[in-house]
Each structure stands twice: as C-alpha cells, then as structure tokens.
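These numbers come from the heavy atoms of this one structure, side chains and all, not from hydrogens, waters or symmetry mates.
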Amino acid sequence: MSSTEAEHREEEEAPAGEDEDTGAQVAPIVRLEEVAVSTGEENEDAILDLKSKLYRFDKDGNQWKERGAGTVKFLKHKETGKVRLLMRQSKTLKICANHLILPSMSVQEHSGNEKSCVWHARDFADGELKDELFCIRFPSIENCKSFMETFQEVAESQSKAENADASDTAGLLQKLSVEGKEDEEKKPEEKSEEKAAEPEPASAEKKSETESEKKDEEPSSSS
C-alpha cells in the first residue's frame, strides 16, 4: 500500500469532528408572527381546578366509556355570574365536558368508590346539547369530596341568583302595571278638562235679542 493510499484511508477512518462555525447567518424563508389564541375562558374565573378522568355512560352498550383524562374546572363568568363545568384532555386540549351548573342539578358518590362521583347534565362538548350521565374519578378521596362540595355550593348559589332575578322581574312588572293604571286614570280626567274648556253655544234667547237689535238698526222702508 502506498503512502498516499494510507493517508487517504486514515482520513476516512478518523472520527468526524464537530461542525465548524463559519459565522454565516441564514435568514428564514418564512417569518412566522405570534398569534393570540383565544380559549373562551378570558372572561371567567376558575373556582376549582383538579386533575381527573372522565367517563360517560353509553346507553346503547350499557357500559361506561372513557371521555378523557385531564383537568376539570368550575368557571364563573365575571359579568353574568353563571358557572359552567369545563374539562379538557391534558395532551390534545380537546373538550371532554362543557355544561352549565343549574339549580336542579345534583352530584352523588359513585357506589363502591369514594374517589368517584356521578351526575346528569345537558352537555355541549360535541357542539350540540346532549343528555349525559357522567362519572368522574380523582386520584384521592379529598379531591373527590372537594369537587362534590363545590358542585353543590355552585348549584345552590345559582338557585338563589335565579330567585333574585325572578323577584326583580316581578317587581319590574308590578311597577309597569301600576304606571299603566295611572296613565289610564289620567286619560278620563284630561278629557273632562278639555270638555270644560270648550265654549258653550249661545242660547236661543240671546240669539233672538241679537236679531231684534239688528232689525231696529235697519233703516225703515219708504212709504
């Protein structure tokens, strides 16, 4: 083997060194601008935020089916005060459950499991309202109890708010009916005042007197 071939072979067998920094700067072909992503939760405050796994009951198959594992939240709207339950899958952020907490709703412990509880809801996770029976499981009994207590407190608070709104509405309707009644009472009074203000027609006696006066003033005819 010649010395040239030996040198060439040594160069091929030698380990490749680290890439040398040439100092050259390559401008990106496409410049990506930062885009603000809306989650729909900007006007809401989180009352509760817990990791859990959600299931829904499949009536056709008569069995529980997993909806996803992630974080369940109670979100209270800053203006309306309404509270909804929202759960997203941890990796994909896909919505598993999304419904309002109503006064008529209740939650109870799942039979035989202190870490799970169940409830019925009109859910909107799939883009349309559906009657669902949900079951949610938590890592600890404490988290399950905290979820159930918060659920009941929210339902009761919504009931009080609903009653207050009903009272305010009733008061407004009563006020409007009273004002309407007053307007109706004023109308006959206005009509009577207008009638009194109209000039009375001259009596027959005054009319005859006027005619006789005019007759006297007329020149007598020549004989």
Side-chain angles (χ1 to χ4, degrees), residues 32-57 66-110 115-183:
L32 301 177
E33 296 182 358
E34 187 176 351
V35 179
V37 179
S38 175
T39 62
E41 304 173 24
E42 288 76 15
N43 293 325
E44 297 170 306
D45 294 323
I47 300 174
L48 191 70
D49 189 336
L50 296 171
K51 290 184 178 180
S52 57
K53 184 176 285 188
L54 185 69
Y55 302 84
R56 60 173 288 271
F57 189 74
E66 184 177 334
R67 288 282 285 182
T71 302
V72 63
K73 300 178 182 179
F74 287 111
L75 300 173
K76 184 175 183 179
H77 199 277
K78 295 177 182 178
E79 295 179 2
T80 64
K82 292 185 180 297
V83 180
R84 64 168 172 153
L85 181 149
L86 178 69
M87 182 170 176
R88 297 178 184 270
Q89 292 182 6
S90 57
K91 295 181 180 179
T92 63
L93 298 181
K94 181 181 178 181
I95 296 176
C96 307
N98 181 24
H99 63 79
L100 289 173
I101 303 297
L102 304 176
S104 58
M105 296 171 65
S106 62
V107 61
Q108 58 186 7
E109 183 182 302
H110 191 253
K115 296 180 181 180
S116 303
C117 55
V118 296
W119 73 96
H120 282 93
R122 294 269 289 169
D123 188 62
F124 196 72
D126 296 329
E128 59 179 341
L129 286 174
K130 292 181 181 178
D131 290 323
E132 299 282 9
L133 174 59
F134 287 119
C135 177
I136 194 167
R137 188 175 67 191
F138 296 93
S140 65
I141 297 175
E142 290 74 16
N143 284 358
C144 185
K145 287 183 177 179
S146 178
F147 175 85
M148 292 177 64
E149 289 173 359
T150 305
F151 195 113
Q152 290 300 135
E153 288 174 1
V154 170
E156 291 174 2
S157 67
Q158 295 299 301
S159 177
K160 292 178 182 178
E162 195 174 78
N163 292 337
D165 291 341
S167 298
D168 293 341
T169 303
L172 180 61
L173 291 173
Q174 185 178 3
K175 184 179 179 181
L176 291 173
S177 63
V178 170
E179 290 177 351
K181 190 175 180 181
E182 290 178 351
D183 292 340

* Asked: Just wondering, are more than 12 heavy atoms of other shown residues or ligands nearer than 6.0 Å to CD in E79?
  ->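 Counting other residues, nucleotides and ligands, CD of E79 stays at 12 neighbours or fewer.
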
* To do: Check the surroundings of atom NZ in K78: do more than 12 heavy atoms from other residues, nucleotides or ligands lie under 6.0 Å from it?
  => yes

* Asked: When you check the gap from the basic side-chain N to the acidic O, do E109 and K145 get nearer than 4.0 Å?
  ->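 K145 and E109: not salt-bridged.
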
Got [X] and [Y] here, is their nearest side-chain heavy-atom distance under 4.5 Å?
X: N43; Y: H77; result: yes
X: L102; Y: S104; result: yes
X: I136; Y: C117; result: yes
X: R122; Y: D131; result: yes
X: N98; Y: L85; result: no
X: V72; Y: L86; result: no

Heavy-atom pair with the smallest gap, counting every atom of [X] and [Y]:
X: S116; Y: C135; answer: CB-SG, 4.2 Å
X: M105; Y: L100; answer: SD-O, 3.3 Å
X: M87; Y: G70; answer: CE-N, 3.5 Å
X: N143; Y: L50; answer: O-CD1, 3.6 Å
X: C144; Y: F138; answer: CA-CD1, 3.5 Å
X: H99; Y: D123; answer: CD2-OD1, 3.7 Å

* Spacing of CZ belonging to R88 relative to CG belonging to L93, to within rounding of 0.5 Å ->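 Interatomic distance, R88 CZ to L93 CG, rounded to 0.5 Å: 6.5 Å.
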
* Asked: From E153 CD over to I47 CD1, what is the distance, rounded to the nearest 0.5 angstrom?
  ->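 That separation rounds to 9.5 Å.
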
* Does the side-chain contact (heavy atoms from CB on, under 4.5 Å) test come out yes or no for V107 and Q152, once each step is laid out? -> CA-CA 7 Å; V107 61; Q152 290 300 135; 3.5 Å; yes

* To do: Could you check I95 against F124 for side-chain contact (heavy atoms from CB on, under 4.5 Å), going step by step and ending with a plain yes or no?
  => CA-CA 9 Å; I95 296 176; F124 196 72; over 6 Å; no

* **Option passing ring-ring contact (aromatic ring centres under 6.0 Å, His included) with F134 (candidates F57, W119, Y55)** => W119

* To do: Determine the sole option in Q89, R56, K53 for which the side chain to side chain contact (heavy atoms under 4.5 Å, CB included) test with R67 is passed.
  => R56

* With distance as the sole test, does E132 use its side chain to make a donor-acceptor pair with the main-chain N or O of K130 at under 3.5 Å? -> no

* Side chain S146, main chain E142, donor-acceptor under 3.5 Å -> no

* **Residues S159 and E156: side-chain donor-acceptor under 3.5 angstrom** => no

* **Residue pair R84, E44: steps toward the side-chain contact (heavy atoms from CB on, under 4.5 Å) verdict** => CA-CA 10 Å; R84 64 168 172 153; E44 297 170 306; 2.8 Å; yes

* List the steps, then state whether side-chain contact (heavy atoms from CB on, under 4.5 Å) holds for Q108 with V118. => CA-CA 6 Å; Q108 58 186 7; V118 296; 3.8 Å; yes

* Mind checking whether F74 and F151 have parallel, tilted or perpendicular rings, split at 30° and 60°? ->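 F74 and F151: perpendicular rings.
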
